[in-house]
Amino acid sequence: MIVIETKRLTKVYTHDFIDVEHGRLRFNFMRKTVALDSLDLEVREGEIFGLLGPNGAGKSTTIKILMGILFPSSGSASIMGKPLGDKSVKASIGFLPENANFYDYLKGEEFLDYYGTLYGLGKAARRKRIDELFELVSLPPHAPNLPLKGYSKGMLQRIGVAQALLNDPQVVVLDEPQSGLDPLGRKEIRDIILKLKENGKTVFFSSHILSDAELICDRVAILNRGKLSTMGDLDTLLSSTIKDWEVIVSGMSAESVAELRPHAIKFLERERDVLFVFDKEEPVRDTLRRVVEQNATLVSLSPRRETLEEYFIREVSKKPAQEAKTDSKSRSAANV
Amino acid sequence: MFKVLAISLNTFKEAVRNKVLYFLLIFAILIIVFSSFISDLSIAAPDRLIKDLGLASIDFFGFLIAVFVGVYLVYNELDKKTIYTIVSKPIDRYQFILGKYFGLLITILVNMVIMSIFLFAVLYWRETFASDKLSNLLYPEVSSGKREAIANLQLHYYWFHVQTFFIAIGKAVATLFGYSEAVTAGLLRVIAFSALGLSIITAFAIFYSTFSTPTLSAVFTSLTFVIGSLSEDIVRYAEKLAEKAGGLAALAGADVLKYNFATWAVQIVPNLAYFDKRAEAIHGPAAMEVPAILGPTLSDPWAVAYGLLYTAGILCLASLIFNRRNFK
Amino acid sequence: MKRGLITNIILFLLFAAFFTPAVLIQRRGLENVLKNPPFQETWLLSSRSGPMLRLMSLRYDMVAADFLWLRAIQSFGGRGMTNRDWKPVYNMFDTITELDPYFEQAYTFGNLVIGDEGGQQTEGLKLLRKGMFNLIRQYRIPFEGMYVAQWSLRNLDMARWFGRMTVKRPDMPDWVPRVVAYLEVQAGEFFIGYRQFLSNLLQAIDAEDVALQGIALNKVRETIDKLNMFHLMQAYDEYTTATGAPPGRIEDLAGMPALQNVEMPRMSQVMALIQKYARAQGKQGVYEGWKDGIAMPTPDQIAAVELVTTATEGQTRMLPLEGVIFQQSLDKRTGIPEEPHGTRYVLNLSKIGYPWVQKDELILSAAKLQEDLAGLLKGVRDAIAERKKELGRNPRDLHEVFYTDFNTTEPFGGKFNYDPTTGNFTSSTFPKL
């Protein structure tokens, strides 16, 4: 079942007539920027969907349109089969915006209570849910009575996630949930997302931290300059074959090393060991055989697949011509 | 409904943390308290001065709060992007606007109540000392000639002041619930109407801030207040223009524009004169019974209906604009 | 650390260097304040700035009025109207009352300052007139106008106009109509006065206020007296025009047209009416002690009074009967009117024929004339006694006392008798006086 679907979703920003840009007053006449260009997305139930792309690719715009913060210029989108802005749908969605700011004068508990009321939860339900959530996002025990002003960045992000889960949503939308967090914080967010998936929720999130996305996503879409570049299963996208092998050995004879060296695409001789990178299986077998024969030590052997990052960079830098076109469009797009 | 209430309360919490609010409140209270001393300079009608200054302060500082606190309320949500999470919740945008509006209104009302308590307390306090029976009140034992009472005169004097102070405060609080003496008769009505007028100004503050920056909103709100205060004068001005030219038909050139602008502007801008009952309360209804030169011309129920309808209208407009708004 | 200290010291020295001269300059300015006159009232008092100020003060015009009011008081208290042009002060009060048209005290105090202190009564009245039409329910302002017109300007007609404005005001105290009625009587509107005092009398009877009864009774009597005198004077003029000579007796005037069939309330009739109606309500009526010096009705006269039954029915107060009593007391009469003190009108013969004598001194009540006669007798007797001391004996005749002929006519038309042997000086009309 498709939970989130967008059809030819387009957003064109019209600049204010008088604008301050880079500290300078600027007059714009019909100046428009295409932030999102005919986006078609599908997010299926129960999956973790990553919306990826470089800065300014239109990730946030997409999410804002889905959340009713922005209105699309053209195209349409639906969540759980209903058009945008439907209150019953909103009631079963959780949302964490990018770099979320909250009311810093409220205490953690008051804050969640306030948002719980906005979800229309009863007093007892709120009480129960808030306790659960503090535990789920593993905030320290003094957090409920601490004003948000006193929260660290990580705590804020966690309470942000908590507010998105207040209504026990079917779909959780997270905009850059890991930005600005330390590795430990990022891991915690990852764990929460996985836990949500375990509970059968659909998670839709945007990120530019690709290694994290790679770890948890079922499917991804890559946006670039407002256009959908790729969408599909992570496994399908990243070729399943092994790209190369990295072999580290020590105690191998100099002769063997010299023999193997021409086969390696990368070679590094270090004080104690030697590193080969082979792109074929043949020399790897050869190396292993020589290790056994010479009684040398195999320090490590790792077959390497293509990372999302590499794929991403390949994708993004693939179409320079098209990019140039998009760029000129964004400069003066009165005809869009 | 609970959602609107929750937003209102949160707005109130936010507004209460605004330092400007406290400066305004303290300043207003200082004016009210010091008007008591100033009024001693007057040879006649000292109460008039306190009431007048006090009621005007309550009204004007209510307006200042609406402007200086109100125009930031919506802006802050947009600026800090808290609006993102609010909009994604299952609420309508008009509920947000209503919540913001009522939050601001609650803030203003609470401040008005505090100022009123001070005004009433000052009046009651003075009333005690203005009374003819003061010497009896102050020195009952002294006038009866008890020796130990005379010895404790100083103490007795201070004790009397303390007593009077607390009685005045108590009466002032009771006045909010309908208690009244000659000195405070009718004042509650004035303040209630002031609040009604301010509810319109508050709606305007919220309305303007749905589509412009705080500074511009403050300017717009102030202008609305000024024009609204002068509505009746503007009407007279238009009339004078026509009179000068010798009839409507004889108006020519720029005067036609001026006339049309003046007559049409006052149709749209609220007429705050309807909510100004200060003169009535201070001069007494008897003085104002005749068609007044300055006074309001709308009966109470009509004025209330007018205020509520106007407020509702402006809030609808604000919601309409907010509904169509993109938040960048 | 050391560097910071040096910076601080330098900053402190700089502070001292800047601040000290500033304070010194300020001090000099403060010293100069005392040399200047206390108030410089040039701001916004040059013309009528009220309407403009009212616009500028938005709907807080009353506050603006209050502050101007305080300023006016301080300014006036500072040095009164001495050495000051009244115009700016007038403008100030005009502005205050423009800002707050219902500020009663501003009108009255402004009038006091400009009219009484500044001597510009007409300007003060202008202020009062403005207030009178703004505050149409308060008696205070027209009353002050009446006061100024009558006692400062001596303009009876203007005072009466203000008076009529005053009595229309609902909050007027009950003594105001008496003052106004007094002015009306002064101006010859006797019936307005008469009716007002009559109603006061009835009110006093209702309230059982003896003192007020006395005052009202006196006023009624006085008014009737004045009305009678008015007719008598007219008759006197008619007589002298017709005959070319002054009348010899008061009865000579009875046939004059001015005394034919005119409405002249009689004191005795008024008393009869009051007594009869009061008795009908089971009341005492007029207080016994006040009945001296009043023309009292005969029992027949009381009996002759017809009670207007519809007016008396169910009444327990006299005041509602005011109109009835007033109407019933207005009987048309011919001849010499009844003297309300209970005596009669006479001619003062000792004054008739002297051109310098005021006309209204010629006719008066017998009682009053008797007092005059007594005074005259006493004067002559004192003179005789003085002369007797000098001579050591009774003067032979009055010529020896006055060094001239004593040819004063006896006021009642009788004769003065001097007896040189006893030294007695008497009048033939009242030998025992």
Side-chain angles (χ1 to χ4, degrees), chain A residues 11-16 35 60-61 63-73 79 84-107 110-111 113-123 126 147-149 160 163-164 166-167 169 173 175, chain B residues 1-19 21-22 69 72-100 102-103 107 210-213 215-216 319-328:
Chain A
K11 178 69 189 175
V12 180
Y13 287 120
T14 309
H15 289 254
D16 290 343
S60 279
T61 304
I63 289 181
K64 281 179 188 171
I65 289 172
L66 290 175
M67 289 300 105
I69 295 163
L70 296 175
F71 297 107
S73 304
I79 301 175
L84 294 181
D86 191 297
K87 273 212 287 184
S88 64
V89 172
K90 278 183 177 180
S92 49
I93 291 179
F95 171 54
L96 170 69
E98 184 185 0
N99 298 328
N101 260 311
F102 300 113
Y103 307 93
D104 56 5
Y105 48 88
L106 290 180
K107 289 173 185 164
E110 286 175 339
F111 167 66
D113 193 67
Y114 171 37
Y115 273 21
T117 321
L118 295 187
Y119 273 120
L121 300 177
K123 193 159 189 174
R126 288 204 301 269
L148 296 187
K149 202 191 281 177
Q163 65 84 23
L166 266 168
N167 53 337
V173 179
D175 194 1
Chain B
M1 196 61 232
F2 284 111
K3 292 172 185 175
V4 174
L5 191 69
I7 297 173
S8 307
L9 289 180
N10 188 47
T11 306
F12 176 65
K13 275 182 199 167
E14 186 185 346
V16 163
R17 295 169 36 80
N18 196 331
K19 285 192 188 80
L21 185 72
Y22 292 96
V69 179
Y72 282 102
L73 290 177
V74 173
Y75 175 78
N76 276 348
E77 299 260 358
L78 301 184
D79 190 43
K80 296 195 168 166
K81 300 185 174 166
T82 40
I83 187 76
Y84 290 178
T85 38
I86 300 278
V87 164
S88 68
K89 301 280 179 288
I91 62 163
D92 287 315
R93 289 194 181 184
Y94 78 85
Q95 285 175 318
F96 175 76
I97 289 292
L98 282 184
K100 283 281 142 187
F102 284 116
T107 313
T210 54
F211 62 84
S212 68
T213 60
T215 318
L216 273 183
S319 305
L320 206 65
I321 289 175
F322 204 67
N323 259 340
R324 303 172 49 82
R325 186 144 183 211
N326 286 310
F327 306 112
K328 275 186 190 169

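Numbered from 1 within each chain, the chains take letters A, B, ... in sequence-line order.
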When the 4.5 angstrom heavy-atom criterion is applied to Asp79(B) and chain A, the contacting part is neither

So which heavy atom on Tyr105(A) is nearest to which on Lys13(B), and how close?
CE1-CB, 4.0 Å

Among Asn99(A), Leu118(A), Leu70(A), Leu66(A), which residue has the highest count of heavy-atom pairs closer than 4.5 Å to chain B?
Leu118(A)

Residues Lys87(A) and Asp92(B): closest non-hydrogen pair is NZ-OD2, 3.1 Å

Could you tell me which portion of Gln95(B) (side chain, backbone, both or neither) has an atom closer than 4.5 angstrom to a non-hydrogen atom of chain A?
side chain

Max heavy-atom pair count under 4.5 Å with chain B, selected residue of Tyr13(A), Phe102(A), Tyr103(A)
Tyr103(A)

Quick check on Asn76(B) against chain A: is it the side chain, the backbone, both or neither that has a heavy atom closer than 4.5 Å?
neither

Would you mind checking which part of Asn167(A) comes under 4.5 Å of any heavy atom in chain B, side chain (CB onward), backbone (N, CA, C, O), both or neither?
neither

Distance-only, no hydrogens or angles: does the Asn101(A) side chain make a donor-acceptor pair with backbone N or O of Lys81(B) under 3.5 Å?
no

Can you tell me how far CZ of Arg17(B) sits from CG of Asp104(A), rounded to the nearest 0.5 angstrom?
6.0 Å

For the CE atom of Met67(A) and the NZ atom of Lys89(B), what is their distance to the nearest 0.5 Å?
10.0 Å

For Tyr114(A) and Asn10(B), the nearest pair of non-hydrogen atoms, with its separation, is CE2-ND2, 3.0 Å

Which bit of Ile7(B) comes within less than 4.5 Å of chain A, counting heavy atoms only: side chain, backbone, both or neither?
both

Choice from Thr117(A), Leu166(A), Val89(A), Val173(A) maximising heavy atom contacts with chain B below 4.5 Å
Thr117(A)

Approximate separation, where rounding is to 0.5 Å, of Thr82(B) OG1 and Phe111(A) CZ
9.0 Å

Nearest non-hydrogen partners of Val87(B) and Lys90(A), listed with the distance
O-NZ, 2.9 Å

Looking at Ile83(B), Ile86(B), Val4(B), which one has more heavy-atom pairs under 4.5 Å with chain A than the rest?
Ile86(B)

Atom CD1 of Ile69(A) and atom OG1 of Thr85(B): how far apart are they, to the nearest 0.5 Å?
8.0 Å

Give, as side chain, backbone, both or neither, the part of Arg93(B) having an atom under 4.5 angstrom from any heavy atom of chain A.
side chain

Where does Ala100(A) contact chain B at under 4.5 Å (heavy atoms): side chain, backbone, both or neither?
neither

For the OH atom on Tyr75(B), are there more than 12 heavy atoms of other groups (residues, nucleotides or ligands in this structure) within a distance under 6.0 Å?
no

Interface moiety of Glu98(A) toward chain B, non-hydrogen atoms closer than 4.5 Å:
neither

Selection from Glu77(B), Lys3(B), Arg325(B) maximising heavy-atom pairs under 4.5 Å formed with chain A
Lys3(B)

Closest non-hydrogen atoms of Lys64(A) and Phe327(B), given as atom of the first, atom of the second and distance, are CD-O, 4.3 Å

Rounded at 0.5 Å granularity, tell me how far CG in Leu96(A) sits from OH in Tyr84(B).
13.0 Å

If I measure from the heavy atoms of chain B, does Leu106(A) come under 4.5 Å with its side chain, its backbone, both, or neither?
side chain

What's the spacing between Phe2(B) CZ and Leu121(A) CG if we round to 0.5 Å?
13.0 Å

